[in-house]
2 protein chains.
Amino acid sequence: MNSKHFTPAVTIREVAEDAGVSVMTVSNVLRGRGRVGEETRRRVLEAVARQGYRPNLTARALVERKAPTLALMLSCITNPFYPEFTLAANLSALKYERHLLVCNTDHEPDRGTSFLQQVAGSLSDGVLVANYGGLPIEELRALQQRGIPVVISVWELPDEPPGIPCVTFDSKGAAKLAVRHLVELGHRRIGAIIGSRKNGIHSARYAGYQEVMRETKIRRLASDERFTEDSFDDGYRAATDLLSSRPDLTAIFVSNDLPALGVLNAASDLGYSVPHDLSVVSITDIVPARQSRPGLTTVAIPTAELAEKGIGLLIDLMNGRATETTVIHTSAPKLVIRGSTAAPASISN
Amino acid sequence: MNSKHFTPAVTIREVAEDAGVSVMTVSNVLRGRGRVGEETRRRVLEAVARQGYRPNLTARALVERKAPTLALMLSCITNPFYPEFTLAANLSALKYERHLLVCNTDHEPDRGTSFLQQVAGSLSDGVLVANYGGLPIEELRALQQRGIPVVISVWELPDEPPGIPCVTFDSKGAAKLAVRHLVELGHRRIGAIIGSRKNGIHSARYAGYQEVMRETKIRRLASDERFTEDSFDDGYRAATDLLSSRPDLTAIFVSNDLPALGVLNAASDLGYSVPHDLSVVSITDIVPARQSRPGLTTVAIPTAELAEKGIGLLIDLMNGRATETTVIHTSAPKLVIRGSTAAPASISN
DNA sequence: GTGAAAGCGCTAACAA
DNA sequence: TTGTTAGCGCTTTCAC
């Protein structure tokens, strides 16, 4: 049995005594502040090395009246969009010498609430929220009212900011790019699977789909549309249902890659050959989109940029260089053509 | 422009004044410690609500001489194994009322070093490390020497502990299960793609493969084996190379799901039909394994259990209920049969 | 049942 | 160039 349950950490005071200087001098040496003699500096550094001293970031944060971390709140890290987003946010925070506390609300609103109550303004100076359906916007606004910096990233509506600083992208434009691609290939029987309710988080993507259909005078039937959850399995189910009732569709626009990958599987299980019998296009360009066979044609959104600018905006907000109405735009979405789209069989044959 | 750049947070002192009691009484009410009169308690709670007071976790941690978080260190969250692991660790930490600081070393050893130096024993009471190739074991041991609780999870060698408390699983047994499955289906020309160097992190998985081949007296050729990185793309490349030089293989054992998914794509691109022309089996059972077409036959390891027990061990270590030599074992790996394996064509035809 | 004093480890402000 | 004082927001100890 290990006898030493508690090894007290070396403090700045012990280093100061060892080096024969005051604690302030040690602090100054370590932070490169103030003026310190060359000889003194050397002695301090030696003592630090000898004792293996590491500054206590908790104490430092307390006295500097700031929190030691930034917080990132998202729905669930197992959705493959978030690892990409989180990695970029993590590396970006590191550039500002910040560590990241991650909260998975994991479809439990209470977890998010409790996280925000405990962490925001206490363990974390600010909160970056990766937008998801069911975002507790009123809670975020209340936090902001209390003076805590809050940023929403992956905001879908560039023209309708949430009253909270946000980083946004042209989600409607992304959808239009996707649907236009289908139309240009010659598709006229185009279904849609939307990963939210009609007025939910993908409403602008849905609007983009509607707009292109209208512009190109393609008949749009309510029976060719499905609204469902934003998951692989729900995409699978929605496609199974849609294709059973509308087997003559030649293409499906899906509002997000994750359900689109489910759609690809459903099509395959129903005996469709993609893209010959059915084209599938969606939005995001997560990693699995290029690993599926066929590869998923999709409209890439600037995931890393959304994360990086989110962290940047949070920092700006903390320094008074941004306000509650700041809206940061990101690069335009880009169509990435892979194997899941082609001209409809009646044309290509 | 927003004028209030800095809204000082409500402190316990202000709540105390508002309620007309001492700060200690507020603290006691909030933490349910000590004895407090019913009437006083009510007044305190009212003041807390009125002021919107939230305890500062940084200050609390400082005075309690513990850090406010636990740390999780892993190679890269974009590897689909880690989101599953991280989510389980996160939820588990929450049960101990701890938040989680995540470090992506992202193939930069310096990032891990710097994280450990800054965070361990300061922002975080302890560090849970999700094992990966190139783990800085000496650094971890040095941390441990300084009295900082460190746990390695996903340890591959139950019989060779690392000198650091660990949570382990039967990786060799998992490999044997996988390869035996191929043998039982009738395969005799079995290749192997290992996601590490021969003596690297997957060495026990490789040993399991060797052992079954020896037991079943199947000829094992060095030219049927490839050692590569543990990634999708490297799996793809290794399989392309292997199948080009050994087109008569009927099955491939891959040491991990991520490269195995690459192998599936390579086989498809080379014109193999899986499982008719080629069977593929691997280890882990990450989510994408069941989403690929065909589904990947694999040996599931207890990912969530590895994470949960890792957090539990870290907590035990902090309370002196575990030691440097503690080894925690997890449930036995289980074969999950999906569409990527079948009897070889010469038999099934 | 309640409160006053002390101090966690550190840094800002100022003094020497 | 270096040291001293004060105190960040909280909890522990111990007196009342």
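Since this is a predicted model, take the numbers as computed values, not measurements.
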Protein-nucleotides 1-4 of chain D N/O pairs closer than 3.5 Å?
residue : atom : partner : partner atom : Å
D:dT2   : OP1  : A:T40   : OG1          : 2.3
D:dT2   : OP2  : A:G37   : N            : 2.6
D:dT2   : OP2  : A:T40   : OG1          : 3.3
D:dG3   : OP2  : A:S22   : N            : 2.8
D:dG3   : OP2  : A:S22   : OG           : 3.2
D:dG3   : OP2  : A:T25   : OG1          : 3.0

Shorter than 3.5 Å, N or O on both sides, protein versus nucleotides 14-16 of chain D: list them out with atom names.
none

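Identified under the ring pair (Phe, Tyr, Trp, His ring centres under 6.0 Å) test for residues 88-120 of chain A, with sequence neighbours left out: A:H99-B:F115, A:F115-B:H99. Screening residues 21-38 of chain A for salt bridge (charged side-chain N to carboxylate O under 4.0 Å, His left out) gives A:R31-A:E64 as the qualifying pairs, with residues at least two apart or on separate chains.
Side-chain contact, A:E305 with A:T330: no donor N or O sits under 3.5 Å from an acceptor N or O. B:S114 and B:Q118 are linked by a side-chain donor-acceptor pair at a separation below 3.5 angstrom, with hydrogens and angles left out of the test. Counted by atom type alone, A:S124 and A:T69 present one or more donor-acceptor pairs between their side chains at under 3.5 Å.
The CG atom of B:L30 sits 8 Å away from the P atom of D:dT11 (whole-angstrom rounding). Rounded to an integer number of Å, the gap from CZ of B:R33 to C1' of D:dT11 is 9 Å. Here D:dC10 presents its C1' atom at 13 Å from CG of A:L123, a figure rounded to the nearest Å. With rounding to whole Å, A:K66 atom NZ is found 15 Å from D:dG9 atom P. Whole-Å rounding puts the A:L62 CG to D:dG9 P distance at 7 Å. With rounding to whole Å, A:N56 atom CG is found 13 Å from D:dC8 atom C1'. Nucleotide D:dG9 holds its P atom 13 Å from the CD atom of A:E64, rounded to whole Å. The separation between A:L57 atom CG and D:dC8 atom C1' is 16 Å, rounded to whole Å.
One end of the helix from C:dG1-D:dC16 to C:dA16-D:dT1 points its axis 40° away from the other end's axis, with each axis taken from 5 pairs and the angle rounded to 10°.
By the ring pair (Phe, Tyr, Trp, His ring centres under 6.0 Å) test, B:Y53 is found to be paired with no residue, residues two or more places apart in sequence or in another chain being considered. Residues passing the side chain to side chain donor-acceptor pair (under 3.5 Å) test with B:E46 are B:R42, sequence neighbours excluded. Applying the side chain to side chain contact (heavy atoms under 4.5 Å, CB included) rule to B:S22 yields the partners B:M24, B:T25; only residues at least two apart in sequence or on another chain are considered. For the salt bridge (charged side-chain N to carboxylate O under 4.0 Å, His left out) test, residues two or more places apart in sequence or in another chain that qualify with B:R111 are B:D106.
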| From CA spacing to verdict: side chain to side chain contact (heavy atoms under 4.5 Å, CB included), B:L116, B:L140 | CA-CA 8 Å; B:L116 292 173; B:L140 297 176; 3.8 Å; yes
Residues 162-169 of chain A, side-chain donor-acceptor partners within the protein, below 3.5 Å, at least two apart:
residue : atom : partner : partner atom : Å
A:T168  : OG1  : A:W155  : O            : 2.7

All N/O donor-acceptor pairs, side-chain side in residues 73-85 of chain A, below 3.5 Å, sequence neighbours left out:
residue : atom : partner : partner atom : Å
A:N79   : OD1  : A:F81   : N            : 3.0
A:Y82   : OH   : A:N131  : O            : 3.4
A:E84   : OE2  : A:V287  : N            : 2.9

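One finds no side-chain N or O of B:R60 lying less than 4.0 angstrom from the OP1 or OP2 phosphate oxygen of D:dG9.
Interface limits on DNA chain C: the 5'-most and 3'-most nucleotides within less than 4.0 Å of chain A heavy atoms are C:dG9 to C:dA13.
A pairwise comparison of heavy atoms in B:S153 and B:A307 identifies OG-N, 4.4 Å as the closest pair.
At a threshold of 4.5 Å between non-hydrogen side-chain atoms, the residues B:L72 and B:I311 do not count as touching.
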